[in-house]
Amino acid sequence: MTGRYDAVIIGAGHNGLVCAFYLARAGLKVRILERREIVGGAAVTEEFHPGFRNSVASYTVSLLQPKVIADMKLADHGYRVIERPISNFLPQEDGGYLKLGGGLERTQAEFRKFSGHDAAVLPAYYEALETAAEVLRSLALKTPPNLGDGLRTLIDGASQGLGLARLSLAQKRDVLDLLTKSARSFLDSWFESAAVKAAFGFDAVVGNYASPDTPGSAYVLLHHVFGEVNGKKGAWGHSVGGMGAITQIMAKVCREAGVEISLESPVERVLVDGGKVAGVRLESGEEIAASRVVANVGPRLLYERMFDASDLPEEFRRRVRGFKVGSGTFRMNVALSELPRFACLPEPGEHHRSGIIIAPTLDYMDRAFLDAKCHGWSREPIVEMLIPSTVDDSLAPPGCHVASLFCQQFDPAIDWDAHEDAAADTIIATVERHAPGFAASILGRQVLSPLGLERKFGLVGGDIMHGNMSLDQLWSARPILGQAAYRGPLKGLYMCGAGTHPGGGVTGAPGHNCASEVLADRSLIGRLFG
């Protein structure tokens, strides 16, 4: 074996970089092994057409933890996020549109076009959502209570339950609704307008291969609103330079802290000796010794493809096989000769700097899911378009633009080699119906089906969350009950990716929390409790 490290980290995605930073800062000798030629995982900026660059997969900022931003001093190294002037813009089937965001009064004025009632209840809705989101924020940087850890389980459970215990009965009911109900059921209890429900319900199907009628889908809605941008809770924004600018800065900070980063170094196998990890073997055959192996890949990829079956307990392997993956996501980047001209609002404006949502009703979203179940993808897919070149002219030549098309409800299980281009054409045609001339303005496109996302980024089933964000795969059950404290079933094995609490999105929380547990295991308290 070559070298000897306190920790090797599999994968240079943002969580791997965050974890490496905290470990190196504490004095550990750390090496990151990345199979691609670039750091960042799914948070990368690449040229996809001559002269056109974009965030290839992850494409917008909100959930990155303020503590991580501050600890890594990202702003000192050029981290900059431009907030959206409004959150979302939704063209409607009748030729109208709805704008969401830009402040409470502006949103209420928009809602009055559809329902006076919905405008009136909006403040109370925001308050209910914010209460629940605050619970999530309070838990994001804490290790979930891990069943089987004895006294520590009881202490962690009691401590983390205090936030819920302090809520009023009405607030507890709201939290319960968000954790268990379908998005439609939850939104029906608040609003009457189909357009208003769609404006909020879209978040419930992002990275969630399910209908808005599916029980538990309300939680996914909540997961997407617990972030903040530049101190503004619930806001979203564009990273200047694309998402890859964030991970490039993180890599620079890591290297300054002493982290070694090896690119084009795919890990083939985690090595085990006597029931504990001993290091890793690369596809090249090189073996690297390490006291700890930290995996920044999904549970299915780690345990099904990077271990000899005999090294893991059969019961554990069965549970891993049952871990649900497949977010139903299809990702495109397009180079444009001009801005899209939407039939309902054709001239350039703030809507071009927002999230442009083609999913005018919850019924539309439900049909998209049912279509995908029957035919592989919807004939009228759910599309979110962002045009980051409207605020960052470094991404495209003068007068031109780049757009991200983030599309939901595409069956991960079909033969995408045979159907990828046809599905992409369907997406373009869907946008064309709302923005005539869009198809003709496309100079080039990059297409990533669920299979393409798996091949390029190692996302099994194309799952951008590393695993479904359903109630049975959250908090103390993510990824598996009894393995929720960022530790694997073998001594020295840890996980720091989105397959652990609090889940998907560019948060940095799993990387931060995993590093805390690695360091705790070196301390007296860690030895006493684990």
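On a predicted model such as this, the values are computed, not experimentally measured, just so you know. The figures that follow rest on heavy atoms only: side chains count, while hydrogens, waters and symmetry mates do not.
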How long is the gap from [atom1] on [X] to [atom2] on [Y], to the nearest 0.5 Å?
X	Y	atom1	atom2	value
I414	L451	CD1	CG	10.0 Å
L345	H434	CG	NE2	14.0 Å
I358	F89	CD1	CZ	9.0 Å
H238	S354	NE2	OG	8.0 Å
S182	D213	OG	CG	5.5 Å
F457	D463	CZ	CG	14.0 Å

Legend entry - salt bridge (Lys or Arg N to Asp or Glu O under 4.0 Å) between D118 and K113, worked out: CA-CA 10 Å; D118 291 358; K113 298 190 305 186; over 6 Å; no

Inset, instruction - For a side-chain contact (heavy atoms from CB on, under 4.5 Å) with F406, tell me which candidate from V206, N333, I382 qualifies. - result: V206

Less than 4.0 Å between a side-chain N and a carboxylate O, is that true for [Y] and [X]?
X	Y	result
E350	R353	no
E384	R331	no
D392	R53	no
E454	R300	no
E134	K233	yes
D188	R184	no
D177	K181	yes

Do [X] and [Y] have a side chain donor and acceptor closer than 3.5 Å?
X	Y	answer
D366	S211	yes
N230	E83	yes
S470	D472	yes
T60	R84	yes
H351	K99	no

Could you check whether any side-chain N or O of [X] sits under 3.5 Å from a backbone N or O of [Y], counting only pairs where one atom can act as donor and the other as acceptor?
X	Y	result
N15	G511	yes
R367	L362	no
Y486	H501	yes
T45	N54	no
T500	C496	no
S404	Y59	no
S476	P144	no
Q409	Y209	no
E420	S449	yes
Y364	E380	yes

Which heavy atom of [X] sits nearest a heavy atom of [Y], and at what distance?
X	Y	result
P299	P479	CG-CB, 3.7 Å
M72	L17	CE-O, 4.3 Å
W416	G376	CZ2-O, 4.0 Å
N513	A140	ND2-O, 2.9 Å
S239	I246	OG-CG1, 3.5 Å
H466	R478	C-NH2, 4.3 Å

Answer yes or no: is there a side-chain heavy-atom contact under 4.5 Å between [X] and [Y]?
X	Y	value
L405	I428	yes
F111	S193	no
I69	Y79	yes
T329	F410	no
P340	H352	yes
V44	M243	no
M469	Q473	no
M250	H14	yes

Inset, instruction - Please test F191 against F200 for ring pair (Phe, Tyr, Trp, His ring centres under 6.0 Å), starting from the C-alpha separation and ending with a verdict. - result: CA-CA 10 Å; F191 303 111; F200 291 122; 5.4 Å; yes

Inset, instruction - Could you give me the CA-CA distance, side-chain angles and deciding distance for Y97 and L90, then say whether side-chain contact (heavy atoms from CB on, under 4.5 Å) is met? - result: CA-CA 6 Å; Y97 62 84; L90 288 83; over 6 Å; no

Legend entry - Residue pair D411, W377: steps toward the side-chain contact (heavy atoms from CB on, under 4.5 Å) verdict: CA-CA 6 Å; D411 188 347; W377 69 89; over 6 Å; no

Legend entry - Partner set under side chain to side chain donor-acceptor pair (under 3.5 Å) for K73, not counting sequence neighbours: none

Crowding at [atom1], [X] (>12 non-hydrogen neighbours, <6.0 Å):
X	atom1	answer
K373	NZ	no
R137	CZ	yes
E127	CD	no

Inset, instruction - Walk me through it: do Y219 and L136 pass the test side-chain contact (heavy atoms from CB on, under 4.5 Å)? - result: CA-CA 11 Å; Y219 172 77; L136 288 188; 4.0 Å; yes

Inset, instruction - Decide side-chain contact (heavy atoms from CB on, under 4.5 Å) for I86 and T107; before the verdict, give the C-alpha distance in whole Å, the side-chain angles of both, and the deciding distance to 0.1 Å. - result: CA-CA 9 Å; I86 57 172; T107 303; over 6 Å; no

Inset, instruction - Would you verify whether the NZ or CZ of K197 falls within 45 degrees of the ring axis of F186 while also being under 6.0 Å from that six-membered ring's centre? - result: no

